[in-house]
Amino acid sequence: MTELKAVIEAFLFVAGDPLSLDKLADLTETDKTAIKDLIALLTQEYNRSGRGIHLVEVAGGYQFRSDPTLAPWLRRLQKERVQRLSAAALETLAIIAYRQPVTRAEIEYLRGVDSGGVMKTLLERNLLRILGKKDVPGRPLLYATSRYFLELFGLKDLNDLPTLKEFAGLDPELAEALPLEPSDH
Amino acid sequence: MTELKAVIEAFLFVAGDPLSLDKLADLTETDKTAIKDLIALLTQEYNRSGRGIHLVEVAGGYQFRSDPTLAPWLRRLQKERVQRLSAAALETLAIIAYRQPVTRAEIEYLRGVDSGGVMKTLLERNLLRILGKKDVPGRPLLYATSRYFLELFGLKDLNDLPTLKEFAGLDPELAEALPLEPSDH
Amino acid sequence: MTVDINLENFSGPLDLLLHLIKSQEMDIYDIRIVKITEQYLTIIDQMKQLDLDVAGEFLVMAAQLIHIKSRMLLPVNEELAEEEGEDPRAELVKRLLEYQRYKQAAALFEQLPQLERDVFLPHGVFEDLLLESPQDAEMSISIYQLASAFHQLMSHVKIEVFHEVVRENLAVSDYIARICRQLIDHSRISFRDLFHTGYQRSELVVTFLALLELTRLRMVGIEQVTTFSDIWLMRVATEDQLHRLQLTGGILDDD
């Protein structure tokens, strides 16, 4: 019986979403009354004062949630959540890293989409720097990666950036798809 | 003090990722010794028998994880089958873990076989990281294990790697070849 | 000697050698090189006779074994011994010992409780972990991800560069109708499948606009499980609504 209580506790923890009595009965191959009793026991244990996690009945099931009174503390964590680069940002950063210096038009040609917004984000996050203007009509800005970019990826300098060929070496299939010369358009 | 324990419990629950002592001290504005004591208390409470959730030290932090003995039950919640690491992948991972940083050529010398494909898989599963390039002709890439590697195997840090004592005594030269200093993460 | 050995069960020539040494109960520091070489070559030969591919690495090791054997068989010449150094087997022994050590480590790893095999985290958390998350860096992308992103992009662009361009007048409504048709057949379509590889850029753009419109009308839901995983479109509209949209090309009568 203790075992079963642990199993239910673990199921609720792992599922994340609320689990219904039916679902728990199904998963544990036990009848619902027994589960109900164990849930009552767990609820009692968790909902004592001094616990940061509560077991609550919600949306037709049971779920672990943080104690609502601790919300002011927990919000601190949310704010600090690791920021992740979107796929679009990663793609743009990759082009700039491997092709620098490049103009926005060149990036957009390669990606096939407007990249102004993404580039703005990258600039704001200090991953890019502006190298000057290209000597062609219209004098577009030239972009390159910043010092911070190197720090972030733990690179000594740009020569440390792995070439695609080095990765292609890991996978012969990749080698055939490589590499594209700078395109004039 | 009870309150603080609840706060730590809730932080660990909400964060999901392992939280380090430093991080917890920062979030709770408390000194690390106090936190360490509370973590010890929580660990005691959670790691009693009859509990489905354990509090473990992993990858330089603390994290709630399910009790490993309940795995046969919990696998029922799994939507997809986990891809197991092949023998070749484990072997390669072992070499990188104990000898890091290493180049691909060194790995292949030790294994006696081409290891490009395996290393690509390990990179894709985020078990490796690239530490830059080695200062020798050709400037090959240097590989090390990632933080996720520690998380996957539930290791506190690189010192926590299983010791290979049976062989350590045999050949002093080989024992020297084992760099087991904690790495920077 | 009967051999029922399948090379596929061995991760490489060192693994095979270790197996032979162990099964002969030889001392790894004093390998009977003649016997081992003989056995090793027999296995390779049998594989060849069975028309099985023998990986180059196994052949390289065969050559090394023969070389060591020949050196062992030479009468001991003191000058030569001094020149070539120690026991001809020394390097091989060292490699075998080292290899054995990692093989043992691999076995130990296999026994450690592994995430998602023995130990579980709340769903969702685990997937996040797949991204490198150094605790103090604000971003969690590895250099490998960066390089792969560039590579993927380049391989797509290449196809397109050689594509013949025919100017066409494309109507978003046609593409809305097209997506509706797919959604009538499937309740879930992958984002990737929506964009045929043969599509020109303008077609890609129009398809995307059609998708945006359908999302705006709340006819489809969009789902992505983890940051870089496939994006899925989920049918939200009823079949009836989709049939109507297919006819009108995106104009929804009030209901």
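Chain letters run A, B, ... following the sequence lines, proteins first and then strands; every chain starts at 1. The analysis underlying the following values was restricted to heavy atoms, covering all of them including side chains, and did not include hydrogens, waters or symmetry mates.
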If one checks every heavy atom of Phe64(B) against chain C at 4.5 Å, the contacting part turns out to be backbone
Could Arg84(B) and Glu110(C) be called an ion pair, given the rule that one side-chain N must be under 4.0 Å from one carboxylate O? yes
Can you give me the closest heavy-atom contact between Leu108(C) and Pro162(B), atom names plus distance? CD1-CB, 3.5 Å
Less than 4.5 Å apart, any side-chain heavy atom of Val113(B) and any of Ser11(C)? no
Can you name the ring-ring contact (aromatic ring centres under 6.0 Å, His included) partners of Phe10(C), sequence neighbours left out? His19(C)
In chain order, what residues pass the ring-ring contact (aromatic ring centres under 6.0 Å, His included) check against His186(C), with sequence neighbours excluded? none
What I want to find out is whether Arg65(B) reaches Asp118(C) closely enough, with some N-O distance under 4.0 Å, to be called a salt bridge. no
In the structure I gave you, are the side-chain heavy atoms of Leu110(B) and Tyr99(C) within less than 4.5 Å of one another anywhere? no
Side-chain ion pair, Glu98(C) and Arg99(B), N-O less than 4.0 Å: yes
Could you check whether Arg101(C) makes a cation-pi contact with Tyr98(B), meaning its NZ or CZ is under 6.0 Å from the centre of the six-membered ring and within 45° of the ring axis? no
Within the supplied structure, the quantity of interest is the number of heavy atoms (other residues, nucleotides, ligands) at a distance under 6.0 Å from Gln83(B) CD; does it exceed 12? no
Counting heavy-atom pairs closer than 4.5 Å to chain C, which one of His54(B), Arg111(B), Glu91(B) comes out on top? Glu91(B)
For the residue pair Phe109(C) and Phe149(B), is the inter-centroid distance of their aromatic rings smaller than 6.0 Å? yes
Only one of Leu90(B), Ile95(B), Ile96(B), Leu93(B) passes side chain to side chain contact (heavy atoms under 4.5 Å, CB included) with Tyr102(C), and that residue is Ile95(B)
CD/Glu116(C) to CG/Leu74(B) distance, rounded to the nearest 0.5 angstrom? 10.0 Å
Output the distance between atom OH (Tyr148(B)) and atom CG (Leu115(C)), rounded to the nearest 0.5 Å. 5.5 Å
Which of Leu70(B), Leu155(B), Leu123(B) touches chain C most, by non-hydrogen pairs under 4.5 Å: Leu123(B)
